[in-house]
Each structure stands twice: as C-alpha cells, then as structure tokens.
Novice: 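Before we start, here is the structure in question, set down as structure tokens.
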2 protein chains.
Amino acid sequence: MRNRDDQKEQAIREKVIELTAQEGFDGLSMHKLARAAGVSPATIYIYFKDREDMLLQVFTEVSDQMYKATIESFDPDMPFAEGLRVQWINRAHYFINHPMEMQFLEQMRHSPLNEKAMAQNASMFKESMQKFVHQAIDRKELIQLPFEVYWSIAFAPMYQLVKYHAQGNSSASERFELTENILEQALRLVIKALTP
Amino acid sequence: MRNRDDQKEQAIREKVIELTAQEGFDGLSMHKLARAAGVSPATIYIYFKDREDMLLQVFTEVSDQMYKATIESFDPDMPFAEGLRVQWINRAHYFINHPMEMQFLEQMRHSPLNEKAMAQNASMFKESMQKFVHQAIDRKELIQLPFEVYWSIAFAPMYQLVKYHAQGNSSASERFELTENILEQALRLVIKALTP
DNA sequence: TTTTTTAATGAACGAACATTCATTTATATT
DNA sequence: AATATAAATGAATGTTCGTTCATTAAAAAA
C-alpha cells in the first residue's frame with residue numbers, strides 16, 4: 001500500500017485558486033493546472049472525480065476557511081453592533097489578505113456552478129447568522145427587516161470596497177486604497193442604517 | 001456589393017448574452033454560439049475580430065444600455081435623495097427585467113477580462129456620477145466620503161438584493177422575492193446611512 | 001524479504017476548441 | 001444585364017481540451 005501525498009493535493013488546490021484568479025475559468029485547463037502543480041494530469045483524477053468536482057471541492061474548502069476567519073472572536077450573544085463589527089472586520093481582513101481566494105470565490109458565485117455549490121454548502125453558517133439577526137431584532141438592537149435585506153446592506157458594501165481596493169492594486173492611475181479608517185467609516189454608516 | 005445584415009449581428013450579440021448567462025464563459029464556444037444564432041462560425045468573424053473582441057463589444061453595448069436606463073428621468077441638479085432614488089430604482093428595475101444581461105455583466109466584472117473592459121468603458125458615466133456626488137456633498141445633502149465608499153453603500157446592496165431575487169427564481173425552496181416594498185425599504189436605509 | 005496495494009505517471013484518446021480559407025451567394029453599382 | 005464587391009458559408013486547419021489507461025514506483029503489510 002502507498003499513502004496519498006497530502007502535499008500534492010494541496011499543491012493542486014492552491015494552483016486551482018491561483019490560475020482561476022489569474023485567467024478565469026476558461027483559462028483553467030487540467031493540463032496547465034497539472035504543470036503548475038508539478039504533477040501529471042492523471043494524478044488530479046486520483047484526488048478529484050472530474051474538473052467540476054475539483055472546483056466544487058476547492059470552493060467548499062475556501063468558503064469554510066473564510067467562514068472560520070469571519071467568526072474568529074465572534075460570540076452570537078454579543079450586542080448586535082459589536083457582533084456585526086467583529087464579523088465585518090474579520091471578513092474584510094480575510095479578503096484583503098487573500099485576494100486570490102476572494103477572486104476565486106466571486107468568480108464561482110457568479111458562474112453557473114454557483115447553484116450546485118450552494119446546494120452542498122454553508123447551511124450551518126447561514127443558520128447561525130439568521131439566529132444572530134433574529135435575536136438582534138427581538139432585542140430591538142436591529143430594525144425589523146428580512147434576512148436578505150440585512151445581509152445586502154451589511155456586507156455587500158464591504159465586498160465592493162475590497163473589490164475597488166483589489167482593482168486599484170493592478171491599475172496604476174487613481175488608485176483606491178482601502179485603509180482601516182475608510183473601513184471604519186463604512187462600517188459606522190452600515191450600523192447607522194441598520195440600528196433603530 | 002452586399003450589405004451587412006444587422007439582424008445577424010444582433011442575433012449573435014443576443015446569443016452571447018444568453019449562452020454566457022446560462023453556461024458561463026467556458027460554456028460559450030464559437031461553434032455553439034454560431035449554431036444558436038443561426039449562422040456559420042466564420043460569419044462571427046465578419047462582425048468581430050475574435051472571441052475576446054466580441055465579448056468586450058457586447059459588454060460595452062450592454063453597459064451602455066444599462067447606464068441609459070439608469071439615468072432615465074434623472075437630472076444632476078435634483079436634490080440628492082431624489083436623484084439617488086431615481087437612479088437606484090431605475091437600475092434595479094433594469095436588472096430585474098434583464099436578468100441575463102445582469103448575469104452577463106456580473107460575470108464579466110468578475111473575470112480577468114474586466115480590466116480590459118474598464119480601460120475602454122464608461123468614463124463619461126462615472127465622471128457625471130462623481131460630479132453629482134461632490135455637488136451633493138457641497139450642499140450638505142450627503143455626508144463627506146470618498147466616491148468609492150458612496151458607491152459601495154449606495155448601490156452594492158441593491159445588486160445583492162437583485163442577485164438573491166434571481167437565485168430565488170431558480171431554486172424552489174425558501175424563495176426570496178424582491179417586491180417594490182422591499183426595494184423601497186432598502187433604499188430608505190441606504191439614504192438614512194448617507195444623509196447627515 | 002516478499003507480497004500486496006494503491007499512488008503516480010506519460011502517452012494516448014476522441015472530442016471540441018478558435019480561427020482560417022476557398023468557394024458561393026447576394027446585391028449595389030455600372 | 002453585366003460587373004464588382006463584400007457578405008456568408010461549410011469544411012478544414014492545427015491545437016488544446018478533459019479524461020483514461022497500461023505501466024511503473026513506492027511503501028505498508030505479510
């Protein structure tokens with residue numbers, strides 16, 4: 001018997017993220033990926049059923065990593081504004097420090113694979129977020145609104161700010177730098193919108 | 001001499017949007033596209049230099065159409081809240097009524113083609129929006145903030161709401177329907193965040 | 001040490017890819 | 001009606017695609 005080489009699998013997973021972020025899904029071919037990861041094309045099929053399964057598995061892994069970073073030091077019984085702040089800053093920092101992972105996730109989210117990814121993904125995380133939100137509404141720390149409206153107002157602006165930041169890093173002119181001050185300002189405005 | 005058939009070109013452009021929305025960029029092959037549009041693959045190359053040029057041209061066309069819809073009945077000298085409302089509702093309705101166009105635009109925005117698309121695109125629209133924002137700040141109808149923060153807080157939530165809506169239309173369970181009331185509620189919250 | 005098991009591979013598969021080209025078709029101009 | 005011009009095409013180009021397979025290498029179990 002011979003054991004699987006976890007380093008090989010990890011190399012493949014990392015290159016999936018890197019190549020997808022750089023060249024998009026059509027740029028990600030199994031041959032290129034194998035060459036980048038330093039393995040044979042056939043090796044990829046030891047670890048993944050096929051290309052789609054590979055993308056979905058990597059998506060799940062990166063999502064979980066991002067969720068984990070999001071709830072670092074978060075406690076569902078925190079006051080609403082404080083709990084939101086912790087998650088907000090955690091997630092923003094994760095994306096700022098992992099631009100390729102963010103690019104990969106966002107490309108996934110906007111591709112037709114998204115539906116299949118959603119089906120198997122993140123139900124636990126979403127449930128606990130819904131609980132946090134409903135609890136905050138009950139305590140009158142958060143205005144009454146559907147979960148989707150809450151999420152859109154709370155987090156979509158942060159995603160957009162990080163995207164501006166990432167774009168600015170590539171094009172030289174009129175660069176937008178996302179400082180801690182700007183993050184704080186945006187967060188305060190979001191809280192202003194959401195609290196009674 | 002023989003004239004170009006505008007209907008052929010338009011059929012190609014429409015199918016680019018449709019196929020990209022349905023199957024993503026890797027699903028969009030020139031052969032499939034030709035078959036869907038009812039032309040020969042070679043015909044596409046009469047109207048477009050190559051695949052990338054085609055995608056960029058369609059992106060420009062759809063963007064312009066969306067910008068035009070956004071500023072319908074908008075006047076830059078409107079009071080800030082009213083001007084924002086007009087643009088906000090216009091754009092939301094455009095996306096709700098043109099889900100494939102939105103999917104196409106968002107896929108473009110998150111692909112590596114985005115940089116090339118930005119270079120040639122929409123500078124005039126952005127300039128007039130910046131003017132509107134700075135004018136509002138001068139009049140103290142809008143709090144002082146960088147343009148990117150304004151845009152993120154004002155429009156990113158609406159994009160996210162429309163995406164929830166579009167997802168909900170495909171998966172049967174726990175469907176989220178974006179009603180006019182919910183749109184209005186979100187818009188009021190955004191205005192609450194942005195006004196002094 | 002030998003056997004057994006599975007990881008790992010390079011070469012090979014047919015299919016599908018973007019693009020080109022020789023030819024035909026349509027139509028504006030003469 | 002004849003000519004000229006460019007649109008339109010199906011077939012063919014060579015390449016690259018995702019995936020498989022016969023074979024070899026490694027290491028755990030005997």
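To find a chain, count down the sequence lines: A is the first, B the second, and so on, and within it residues start at 1. Just so it is clear, the model here is predicted, and its values are computed rather than measured.
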Novice: What pairs with Lys116(A) under side-chain contact (heavy atoms from CB on, under 4.5 Å), at least two apart in sequence or on another chain?
Specialist: Glu52(A), Leu56(A), Leu113(A)

Novice: Going by the rule salt bridge (charged side-chain N to carboxylate O under 4.0 Å, His left out), which residues pair with Glu14(A) if we only count those two or more places apart in sequence or in a different chain?
Specialist: none

Novice: Counting the atoms with a prime plus P, OP1 and OP2 as sugar-phosphate, which does Thr43(A) contact under 4.0 Å by heavy atoms, base, sugar-phosphate, or nothing?
Specialist: base

Novice: Both Asn3(B) and Tyr47(A) contact DNA chain C. Which one's nearest nucleotide lies toward the 5' end?
Specialist: Tyr47(A)

Novice: What is the distance, to the nearest angstrom, from the CZ atom on Arg35(A) to the P atom on dT9(C)?
Specialist: 14 Å

Novice: Sequence neighbours left out, what passes side-chain hydrogen bond (donor to acceptor under 3.5 Å, both in side chains) with Gln22(B)? Give chain and number order.
Specialist: none

Novice: Excluding sequence neighbours, so at least two apart, what forms salt bridge (charged side-chain N to carboxylate O under 4.0 Å, His left out) with Lys32(B)?
Specialist: Glu23(B)

Novice: Taking side-chain contact (heavy atoms from CB on, under 4.5 Å) as the definition, give me every residue that meets it alongside Glu180(A), ordered by chain and number, with sequence neighbours left out.
Specialist: His93(A), Leu183(A)

Novice: So, OP1 or OP2 of dA28(C): does either fall under 4.0 Å of a side-chain N or O from Arg2(B)?
Specialist: no

Novice: Provide, to the nearest angstrom, the distance between the CD1 atom belonging to Ile44(A) and the P atom belonging to dA7(C).
Specialist: 16 Å

Novice: How would you list, by chain and number, every residue that makes a side-chain contact (heavy atoms from CB on, under 4.5 Å) with Ala69(A), sequence neighbours excluded?
Specialist: Tyr94(A)

Novice: Under the side-chain hydrogen bond (donor to acceptor under 3.5 Å, both in side chains) rule, what pairs show up with a residue in residues 128-154 of chain A, not counting sequence neighbours?
Specialist: Asp77(A)-Gln135(A)

Novice: Could you give the CD-to-C1' distance, from Glu9(A) to dT6(C), as a whole number of Å?
Specialist: 15 Å

Novice: Polar atoms only, N or O, under 3.5 Å: list the protein pairs with nucleotides 19-23 of chain C and their distances.
Specialist:
from    : atom 1 : to       : atom 2 : distance (Å)
dT19(C) : OP2    : Tyr45(B) : OH     : 2.7
dT19(C) : OP2    : Arg51(B) : N      : 3.1
dT19(C) : O5'    : Tyr45(B) : OH     : 3.3

Novice: Pairs in or reaching into residues 81-100 of chain A: which pass salt bridge (charged side-chain N to carboxylate O under 4.0 Å, His left out), with residues at least two apart or in two chains?
Specialist: Arg85(A)-Glu184(A)

Novice: I'd like to check Leu84(B) versus Leu142(B) (side-chain heavy atoms, cut-off strictly below 4.5 Å). Are they in contact?
Specialist: no

Novice: Can you tell which of Tyr67(B), Phe132(B), Phe74(B) makes a ring-ring contact (aromatic ring centres under 6.0 Å, His included) with Phe125(B)?
Specialist: Tyr67(B)

Novice: Please work out the stems of DNA chain C from pairs that are Watson-Crick or G-U wobble with both distances under 3.5 Å, keeping only runs of three or more consecutive pairs.
Specialist: C:3-30 with D:1-28

Novice: Rounded to the nearest Å, what distance is computed from the CD1 atom of residue Ile46(A) to the P atom of nucleotide dG10(C)?
Specialist: 12 Å

Novice: Please work out if Leu28(A) contacts a base, only the sugar-phosphate, or nothing of the nucleic acid, heavy-atom cut-off 4.0 Å.
Specialist: sugar-phosphate

Novice: Assign Phe48(A) to base, sugar-phosphate, or nothing according to its heavy-atom contacts below 4.0 angstrom with the strands shown.
Specialist: nothing

Novice: Between which nucleotides of DNA chain D, 5' to 3', does chain B make heavy-atom contacts below 4.0 Å?
Specialist: dA4(D) to dG10(D)

Novice: Figure out the CG/C1' separation between Asp26(A) and dC17(C), and round it to whole Å.
Specialist: 12 Å

Novice: Which residues pass the side-chain contact (heavy atoms from CB on, under 4.5 Å) test with Glu106(B), not counting sequence neighbours?
Specialist: His110(A), Met102(B), Arg109(B), His110(B), Tyr159(B), Lys163(B)

